[in-house]
Amino acid sequence: MDVRQHALGVLFVLCGELDFDSVVQLHEAADGELNGSTGTLPVVVDCAALTFCDSSGISALLRLYQQLTAEQRALRLAAVPASVSRLFSLTGLDQLFSVHKDAAEALAAGSGGRGVVSAVQQNQERSA
């Protein structure tokens, strides 16, 4: 896993497997970004080099989503492999996560497409 700072957001680049053995790296990166951070920039998780994701990986992404939402920050996923995308569809997470074709698109989504924070706000407005 690699963490990169950009003017438009923070990029977490995943490589290989996101499973029980490797998920700790995502937790550490998330904790490092969020602890003491006062930023409002989105976090983009680039999944282009992700080869496998199990339930531990999905739980880690949900945890990151919850942490960011609590700070009014967006989580955007980029280049999600078909196998992981299928898991999102089966579990309904495709309705929760903001997914983009690549990291550049996710970073450029800007305030007009604030990802999950916008989606949550829209769902709240619809149910009010």
Evaluate side-chain contact (heavy atoms from CB on, under 4.5 Å) for Asp31 paired with Gln67, printing each intermediate quantity in order. CA-CA 9 Å; Asp31 292 345; Gln67 290 172 312; 3.5 Å; yes
For Thr69 and Leu75, what are the C-alpha separation, side-chain angles and deciding distance, and is it a side-chain contact (heavy atoms from CB on, under 4.5 Å)? CA-CA 8 Å; Thr69 300; Leu75 171 64; over 6 Å; no
Carefully, step by step, assess Leu34 and Arg73 under the rule side-chain contact (heavy atoms from CB on, under 4.5 Å). CA-CA 10 Å; Leu34 297 170; Arg73 293 176 70 181; 3.6 Å; yes
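Residue Leu18 is grouped with residue Met1 when hydrophobic side chains (ILVMFWY) are merged at heavy-atom distances under 4.5 angstrom, including chains of intermediate members. Note on Leu62 and Val44: separate hydrophobic clusters, where clusters join Ile, Leu, Val, Met, Phe, Trp and Tyr whose side-chain heavy atoms are under 4.5 Å apart, directly or indirectly. Clustering ILVMFWY residues whenever any of their side-chain heavy atoms sit less than 4.5 angstrom apart, transitively, puts Val99 in a cluster other than the one holding Leu107. Put simply, Phe88 and Val23 are part of the same group of oily side chains (I, L, V, M, F, W, Y) that touch within less than 4.5 Å, one to the next. No single ILVMFWY cluster, assembled from side-chain heavy atoms under 4.5 Å apart, contains both Leu11 and Val43.
With values rounded to the nearest 0.5 angstrom, His27 atom NE2 is found 8.0 Å from Ser56 atom OG. We find the CG-CG distance between Leu77 and Asp94 to be 11.0 Å, quoted to the nearest 0.5 Å. Taking CG of Leu87 as the start and CD1 of Ile58 as the end, the distance is 4.5 Å to the nearest 0.5 Å. With rounding to the nearest 0.5 angstrom, the OH atom of Tyr65 is 11.0 Å from the OG atom of Ser98. Once rounded to the nearest 0.5 Å, the distance linking CD of Gln25 with CG of Asp2 reads 11.0 Å. With values rounded to the nearest 0.5 angstrom, Leu90 atom CG is found 9.5 Å from Ser85 atom OG.
Contact check for Leu61 versus Leu26: side-chain heavy atoms found under the 4.5 Å cut-off. Residues Pro81 and Thr51 form no side-chain contact, since every pair of their non-hydrogen atoms from C-beta on lies 4.5 Å or further apart.
Exactly one residue among Val10, Leu68, Leu41, Leu64 makes a side-chain contact (heavy atoms from CB on, under 4.5 Å) with Glu33. That residue is Val10.
Atom CZ of Arg63 sits in a crowded spot, with more than 12 heavy atoms from other residues, nucleotides or ligands closer than 6.0 Å.
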